[in-house]
Number of protein chains: 2
Amino acid sequence: MNTKAKGTKGERELVKAFNEAGWACFRAAGSGSSPYPSPDLIAANAIRRLAIECKVTKDKKKYFEHGELEQLRIFAQKFGAEGWIGVKFSGEEWYFLMLEDLEQTGNLFAVSVELAKRRGLKIDEVMGKEEKSDSGNIP
Amino acid sequence: MNTKAKGTKGERELVKAFNEAGWACFRAAGSGSSPYPSPDLIAANAIRRLAIECKVTKDKKKYFEHGELEQLRIFAQKFGAEGWIGVKFSGEEWYFLMLEDLEQTGNLFAVSVELAKRRGLKIDEVMGKEEKSDSGNIP
């Protein structure tokens with residue numbers, strides 16, 4: 001499976017996870033090739049909206065150009081959404097980081113496995129499940 | 001150009017129009033083939049979110065199955081969005097209707113050119129531009 005196919009597969013896993021947790025979530029068509037800012041995924045419930053840029057990588061550290069993050073920031077602001085970076089390193093779970101959690105190295109921004117584990121949220125946490133009581137029933 | 005290509009072209013026109021008006025808007029990937037409810041387009045600004053099912057047709061009347069509209073209703077409710085049907089008849093502008101504005105005929109729901117013009121909103125109206133003053137500057 002090539003890099004693009006792995007990315008698509010990873011995004012579909014997230015779409016499934018969000019939908020199964022009761023959120024609405026879908027992938028954007030050709031998010032990298034659209035002339036307008038667009039995230040890879042949008043996930044929302046009645047309260048929150050998450051615009052997510054997703055990366056699946058074999059490396060131990062993933063780099064982002066300033067422009068890519070700026071597009072996410074602009075989109076999120078216009079849409080009224082939270083901007084998140086979702087990163088899946090080989091053999092690890094998905095971790096979600098806010099833009100300001102990335103490490104700046106020169107003109108690039110980066111997230112390592114170590115940084116993801118230290119500052120990132122797991123999918124249940126990004127959905128806010130950890131804030132609910134065991135029953136999870138809010139009237 | 002086949003029906004699908006015309007539909008995609010029509011959706012891209014709407015993405016352009018919303019983005020040029022300052023909204024965030026993008027097309028969903030394979031909205032018809034996803035196992036989870038997904039509209040064709042999502043458009044939002046800081047205040048409103050529109051989930052739009054788009055149809056481009058050569059006919060004078062466009063029919064919808066109950067299930068298709070139900071999927072849009074479910075998605076919109078989960079996402080916290082307004083559900084809209086966007087219809088482009090040949091030689092006409094885009095018209096936007098709410099689900100309850102469609103005409104029920106047996107098990108199907110329909111929108112004719114006449115109904116679209118009578119109950120539908122044009123794109124500027126669905127974006128709420130008609131509510132602004134000429135200056136359009138809200139502090």
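Contacts of Phe26(A) with chain B are made by side-chain atoms alone, with heavy-atom separations under 4.5 Å and no backbone atom involved. Only the side chain of Arg49(A) comes within contact range of chain B, judged by heavy atoms closer than 4.5 Å.
For CG of Asn107(A), the number of neighbouring non-hydrogen atoms (other residues, nucleotides, ligands) closer than 6.0 Å is 12 at most. For Glu70(B), the CD atom is densely surrounded, since the number of other residues' heavy atoms within 6.0 Å is greater than 12. Sparse packing is recorded around CD of Gln77(A), with 12 or fewer heavy atoms of other residues, nucleotides or ligands lying under 6.0 Å away. Residue Glu65(A) places its CD atom among 12 or fewer non-hydrogen atoms of other residues, nucleotides or ligands, all under 6.0 Å distant.
No continuous path of hydrophobic side-chain contacts links Leu121(B) to Phe89(B) [ILVMFWY only; heavy atoms under 4.5 Å].
The heavy-atom pair separating Lys78(B) from Ala24(A) by the smallest distance is CB-CB, 3.9 Å.
To the nearest 0.5 Å, the span separating OG on Ser38(A) from CD1 on Ile42(B) amounts to 11.5 Å.
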Under the criterion side chain to side chain contact (heavy atoms under 4.5 Å, CB included), I'd like the reasoning laid out for Asn45(A) against Phe79(B): C-alpha separation, chi angles, the key distance, then a yes or no.
CA-CA 5 Å; Asn45(A) 62 15; Phe79(B) 197 94; over 6 Å; no

